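These notes are about the structure you will find just below.
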Amino acid sequence: MRDVRIRDTLSGEVKLLEPGPDGEVGIYACGPTVYGPIHIGNARPFVVFSLLRRFLAHEGYSPTLVINLTDINDKIYVAAAAAGVPSAEHAERMIAAYRADTDALGLGRPDHEPKATETIAPIVALIADLVASGHAYESSGDVYFRVRSFPAYGQLSNRDPEAMDQGEEAGSADLKEDPLDFALWKARKEGEDTAWPSPWGEGRPGWHIECSAMAEELLGLDFAVHGGGSDLVFPHHENELAQTEAARERPLAKIWMHNGMVQAQRDRGDAEKMAKSVGNVFLLGEAVRAHGPEAVVGFIVSGHYRQPLAFGAGALEEAEARNQRIREFFREGSDPPGDPTPAVLARREAFLDALADDFNTPRALAELFGLLADARREPLAGARAVAAELLGLLGLESLAEGRGDEGSEEAEALLAERERARGERDFARADEIRDRLGELGWDVRDTAEGARLVRRS
RNA sequence: GGCGCCUUGGCGGAGUGGCUACGCAGCGGCCUGCAAAGCCGUUUACACCGGUUCGACUCCGGUAGGCGCCUCCA
């Protein structure tokens, strides 16, 4: 179990990840609001935190990954109305789509995927505690968090409350004591088809409180890592932190870990965040269908999680090309018998150290390619076994499995015919057959051991 | 306007006070009947201007450009 360090947004420092008594590491990452299908940008935290969990398990920790689903939200009401279905039904449809899209990545499911709609009781209880302790107040059926009652407000996003723009949510200005205050509970409004009872009347939870409640329900307080996209630092995580600490007088999480945005890139130096509101999205489901899950995962691990990642024309093709090089390694040759050589073990260590050092997947990937290059120059015991192990930590284990190169009867017959032609030095005929195989989806490789069919990627 | 981040070779993308990142693409060579795969080599990379230093792409200051958040947002 090596020490793992992660950059903490709150302190601005790279901090040692501190596991609980039995190596427990609670990780809570904010998932999507389920009003539409998710895009590549939304997939990034899913991939990053899923892989972080894998790595921690590999190192002997006992990680628990929670990725929530926000299924109560204004946008869901709007989208449901547009689709002409009840909002609960629309949310369920989008949850199904999200599960299908992320399942296709082949990274497994998080340990828990709580929904706001299934956490109402803890949410109401948490709000009640905040009201009782004076950190929140009721106003015409709404409940607001009293930001001024929490002096540390602004610490996560490094903002001075006094200097905030204090943008107003339409209609709530009159109900708040202070423009900074934000809603914990919203009274039911005209046209909203979901509502729950509460001490303040029928209504629904605000956005931020659900995460405070779900995280505490599943991971307790002061758990190891709370994460999500960097666009959530403010106000979402700032507010979560304030609510929980105000109510419990204990930290919510030890480390706040934020991934950078995927940027839609038109030209070099001309990029912007991929977002539905900008209309520059590339849907995850589309990407997986067109390029395969390995291309998407490979694209995401090609950059450090904290940096913006440029999604330009050809990004997925490049990831595929990179993956292809890895597949080739497993397709050709085999490891000599014996324990892994020192060179192989050194690459393995460097790979794992890179992940332990603020989860540096591109550095790890570079070590993996180094291992492959070493082993191609001269066969090294353990190279393939270790490479396969490391690929698993990047979510790319399928690259080690090869993909069926057994040709059909027709293809094998053509290959044999080509071999006869070559034997007779009838190369025109041989090349003709090779072209025919190409049309059938096969590449031909003439190796020292004879001609072989290889499935075209 | 406020806060934070960034600017690396054709492209993506790590990293370091002095030593090859890595990958993709291109080019040359080896191998091959020709290819493919692989190997070898390759295009004097670190926005600009100052400063610190024996030495800076790496530290400090400034300039220019870009990104994120400040409103729903992964």
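If you're wondering where the values come from, they're calculated on a predicted model, not measured in any experiment. Proteins get letters first, then strands, A, B, ... in listed order; numbering begins at 1 in each. These numbers come from the heavy atoms of this one structure, side chains and all, not from hydrogens, waters or symmetry mates.
Which of B:A74, B:C3, B:A36 sits closest to the side chain of A:Asn158 comes down to B:C3. Of all nucleotides listed (B:C24, B:A36, B:A74), B:C24 comes nearest to the side chain of A:Ala321. Side-chain proximity of A:Arg363 to B:A74, B:C34, B:G15: nearest is B:G15.
Between B:C19 and B:G13, the two P atoms lie 24 Å apart (nearest whole Å). Taking atom P on both B:G23 and B:U63, the two are 39 Å apart, rounded to the nearest angstrom. If you take atom P in B:A56 and the same atom in B:G51, they sit 11 Å apart, rounded to whole Å. Spacing of C1' atoms, B:C49 relative to B:A37, comes out at 49 Å, to the nearest Å. Remark: the separation of the P atoms in B:C60 and B:U16 is 14 Å, to the nearest Å. Comparing the P positions of B:A36 and B:G26 gives an interatomic distance of 11 Å, to the nearest angstrom. Comparing the same atom, P, in B:C46 and in B:U8 gives a spacing of 11 Å after rounding to whole Å. Rounded to a whole angstrom, the distance from the P atom of B:G17 to that of B:C40 is 29 Å.
Judged purely by distance below 3.5 Å, without hydrogens or angles, the side chains of A:Arg306 and A:Ser230 never pair a donor atom with an acceptor atom. A side-chain donor-acceptor contact under 3.5 Å links A:Ser157 and A:Arg159.
Summary of the strand contacts: A:Phe299 and A:Phe369 both lie near RNA chain B, and taking for each the nucleotide with the nearest heavy atom, the more 5' one is attributed to A:Phe299. Heavy-atom distances to RNA chain B give each of A:Gly41 and A:Glu367 a nearest nucleotide, and the one nearer the 5′ end belongs to A:Glu367.
Using a cut-off of 4.0 Å between Lys/Arg side-chain N and Asp/Glu carboxylate O, A:Arg148 and A:Asp178 are scored as salt-bridged. At a threshold of 4.0 Å, the pair A:Arg2-A:Glu349 counts as salt-bridged, since one of the basic side-chain nitrogens sits closer than that to a carboxylate oxygen. Look at A:Glu367 and A:Arg363 and you find no salt bridge, because none of the NZ, NE, NH1 or NH2 atoms lies under 4.0 Å from a carboxylate O.
Pair check for B:C24 finds B:G10; Watson-Crick or G-U wobble, both atom distances under 3.5 Å. Under the Watson-Crick and G-U wobble criteria, each requiring two contacts below 3.5 Å, nucleotide B:C3 is paired to B:G68.
Under the side chain to side chain contact (heavy atoms under 4.5 Å, CB included) criterion, A:Glu286 pairs with A:Phe282, A:Leu283, A:Arg289, sequence neighbours left out.
An OP1 or OP2 oxygen of B:C40 is reached within less than 4.0 angstrom by a side-chain nitrogen or oxygen of A:Arg377. For A:Thr33, a side-chain nitrogen or oxygen approaches OP1 or OP2 of B:A74 to under 4.0 Å. Side-chain nitrogen and oxygen atoms of A:Arg376 include at least one within less than 4.0 Å of the OP1 or OP2 phosphate oxygen of B:C39. A close approach under 4.0 Å does not occur between any side-chain nitrogen or oxygen of A:Arg434 and OP1 or OP2 of B:A36.
Stacking of A:Arg455 on the aromatic ring of A:Trp442 is recorded, both the 6.0 Å distance cut-off and the 45° axial limit being met.
The residue A:Pro32 sits close only to the backbone: its heavy atoms come under 4.0 Å of sugar-phosphate atoms, none of a base. Across all strands, A:Gly31 comes closer than 4.0 Å only to sugar-phosphate atoms, never to a base (heavy-atom distances). Base contact: A:Val262 has a heavy atom under 4.0 Å from a base atom.
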Protein and nucleotides 26-32 of chain B: nitrogen or oxygen contacts under 3.5 angstrom:
none

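Residue A:Thr9 holds its OG1 atom at 11.0 Å from CG of A:Asn158, rounded to the nearest 0.5 Å.
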